[in-house]
2 protein chains.
Amino acid sequence: MTSCAEGGAVGDCRGERPLRRDAERNRQRILRAAAEVFTQRGLDATLDDVARQAGVGVGTVYRRFPDKETLVGELFQDRIDAMVAVAEQACAAPDPWQALVSYLEYATASMAGDLGLRQLMMFATYGRDRVAYAREQMRPVVSKLVERAQATGALRADFSATDVPLIAFMLASAGEYAGPVQPDIWQRYLGLVIDGMRASRDGVSELPVPALSPEEIEESMRAHGQRSSARR
Amino acid sequence: MTSCAEGGAVGDCRGERPLRRDAERNRQRILRAAAEVFTQRGLDATLDDVARQAGVGVGTVYRRFPDKETLVGELFQDRIDAMVAVAEQACAAPDPWQALVSYLEYATASMAGDLGLRQLMMFATYGRDRVAYAREQMRPVVSKLVERAQATGALRADFSATDVPLIAFMLASAGEYAGPVQPDIWQRYLGLVIDGMRASRDGVSELPVPALSPEEIEESMRAHGQRSSARR
DNA sequence: CCTGAGCGGAGGCGGCATCTCCGCTTCGTG
DNA sequence: CACGAAGCGGAGATGCCGCCTCCGCTCAGG
């Protein structure tokens with residue numbers, strides 16, 4: 001299918017044929033649109049949705065990306081990489097407790113703000129090995145983060161490195177529910193969890209975000225009902 | 001459609017016509033099967049699935065329950081009621097802190113063990129007003145639970161009654177992820193959160209469940225991948 | 001100006017969930 | 001026991017939806 005491998009023609013052909021300028025522009029539009037759509041509506045979103053959002057025809061999308069999986073992969077690769085990179089940076093921070101907390105916050109924020117990423121990381125419908133590899137890289141780094149924090153005595157001893165991804169996912173899920181109404185509510189529960197992670201404490205640290213009001217809860221429920229019928 | 005309202009026949013007819021014995025038996029089977037299926041696989045499960053599980057034909061299901069919504073409603077009504085009832089019972093407990101914790105545990109356990117209930121309560125695709133009504137009833141009771149626990153000084157002052165349902169949902173979501181591998185993992189994070197809810201503490205309370213091993217996390221991911229492709 | 005890369009979007013295809021229909025079975029009553 | 005009605009099963013009608021293809025037209029750019 002490659003345009004040049006056919007007849008054993010001239011020279012090396014593996015360089016990307018440079019793509020006409022308008023085509024390249026469309027490619028970028030598609031990428032941007034896909035990011036937006038998958039982030040907000042999750043991986044269930046249609047490539048037709050992406051096309052509409054990008055303002056191009058479906059055909060254009062499929063010409064550029066052979067299928068959904070490829071597009072999703074290309075899109076989230078760097079976001080996953082970032083996850084690993086931030087963990088490594090955190091390792092270099094001076095205060096081990098703060099380092100762990102920051103990382104947890106970063107991980108949660110990423111997943112809370114991005115339904116697609118959350119689905120990708122936790123339910124592996126698409127980039128299984130990609131994600132598995134990232135997780136593999138992450139593991140020792142997070143372990144180190146946890147051990148160090150425990151060594152200073154700030155982190156409770158029964159906390160485990162594997163708790164980190166699960167907590168991030170869990171908090172992000174809370175955010176999912178309240179998403180349309182108060183997207184940052186996860187910060188409140190992260191605060192709570194962090195206080196629970198301390199080896200000991202006197203008093204409490206202030207929760208960064210106010211609780212939802214009963215009306216807001218009600219509204220969340222309504223919004224979710226609408227969304228799931230509108231989306232499907 | 002009622003069999004008796006047709007011709008202005010004898011006496012009162014609103015009593016349920018008693019249903020032949022085998023039919024009643026099947027009805028029960030269906031109800032039991034539906035409970036099992038919706039609990040384990042969520043509200044997306046098909047009525048065909050329910051029929052298969054019950055060992056009856058689809059037709060039988062549809063003859064007894066006009067549509068999915070009716071069946072789901074009938075099924076979850078008492079589970080929702082139980083949620084309210086337990087809250088009220090908790091109010092009567094002697095130790096306010098323990099009462100709140102017990103209720104939180106009960107609510108989380110219910111949702112963690114029942115995907116259908118979780119979807120029903122949080123995403124309201126089906127019994128919107130039923131759930132809304134239950135929530136309405138629950139609200140003052142939970143408020144009381146929270147206020148009392150705060151009055152004793154055990155519960156941090158910035159905790160709010162609306163945090164209760166969100167926390168339950170959040171913890172249950174963690175359980176959802178680890179479901180097939182370690183269904184009780186939510187208890188671990190409930191422990192963590194509870195320690196975070198205390199106004200102050202010295203040291204930590206033991207977490208009731210060990211963390212997942214890296215292998216178990218891996219396995220969860222794999223299981224989820226399979227499940228979502230097998231189910232759809 | 002002219003050529004082919006690129007475009008759009010209708011529509012083919014396959015899959016899936018809901019619900020119906022009708023010939024056969026079973027209950028239970030006279 | 002016999003027979004009418006209640007009940008049953010499950011193939012399949014129906015409608016919907018997501019993925020992807022195809023072909024006639026457009027327009028970038030040498």
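These numbers come from the heavy atoms of this one structure, side chains and all, not from hydrogens, waters or symmetry mates. Chain letters run A, B, ... following the sequence lines, proteins first and then strands; every chain starts at 1. None of these values were measured; they are calculated from a predicted model.
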(message) Test side chain to side chain contact (heavy atoms under 4.5 Å, CB included) on B:R41 and B:E36; report intermediate values, then the result.
(response) CA-CA 8 Å; B:R41 311 223 294 264; B:E36 199 161 323; over 6 Å; no
(message) Pair B:R52, B:D49 - check salt bridge (Lys or Arg N to Asp or Glu O under 4.0 Å), show working.
(response) CA-CA 5 Å; B:R52 201 174 317 121; B:D49 290 336; 3.4 Å; yes
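For A:D48, counting side-chain heavy atoms from C-beta on, the closest listed nucleotide (C:dG28, D:dC20, C:dC19) is D:dC20.
Here the side chain of A:R188 pairs a donor or acceptor atom with the backbone of A:V209 at under 3.5 angstrom.
C:dT25 atom C1' lies 17 Å from atom CZ of B:R21, rounded to whole Å. Per the geometry, CZ belonging to A:R52 stands 11 Å off P belonging to C:dA10, to the nearest Å. Straight-line distance from the CZ atom of B:R25 to the P atom of C:dG28: 9 Å, rounded to whole Å. Per the geometry, OH belonging to A:Y62 stands 17 Å off P belonging to C:dG12, to the nearest Å. Summarising the geometry, the separation between CZ on A:R29 and C1' on C:dC7 is reported as 12 Å, rounded to the nearest angstrom. We find that CD of A:E69 is positioned 15 Å from C1' of D:dC20, with the value rounded to whole Å. The interatomic distance linking B:F65 (CZ) with C:dT20 (P) rounds to 16 Å, in whole Å. The distance between atom CG of A:L43 and atom C1' of D:dC19, rounded to the nearest whole Å, is 15 Å.
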Might you list the N or O atoms of the protein lying below 3.5 Å from N or O atoms in nucleotides 5-9 of chain D, with each pair's distance?
residue, atom, partner, partner atom, Å
D:dA6, N3, B:R20, NH1, 2.7
D:dG7, OP1, B:R20, N, 3.4
D:dC8, OP1, B:N26, ND2, 2.5
D:dC8, OP2, B:R63, NH1, 3.0
D:dC8, OP2, B:R64, NH2, 2.9
D:dG9, OP2, B:G57, N, 3.0
D:dG9, OP2, B:T60, OG1, 2.6

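When the side-chain nitrogen and oxygen atoms of B:K68 are compared with OP1 and OP2 of C:dT18, one or more of them lie within a distance under 4.0 Å.
Scanning for side-chain contact (heavy atoms from CB on, under 4.5 Å) contacts around B:R27 gives B:L19, B:E24, B:L31, B:R64, B:F65, B:E74, with sequence neighbours left out.
Under the 3.5 Å distance criterion, with hydrogens and angles disregarded, no donor-acceptor pair is assigned to the side chains of A:Y62 and A:D67.
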For residues 168-184 of chain A, run the donor-acceptor check on the side chains, cut-off 3.5 Å, and write out each pair with its distance to 0.1 Å, sequence neighbours left out.
residue, atom, partner, partner atom, Å
A:S173, OG, A:F169, O, 2.9
A:E176, OE1, A:R118, NH2, 3.2
A:Q182, OE1, A:D184, N, 3.2

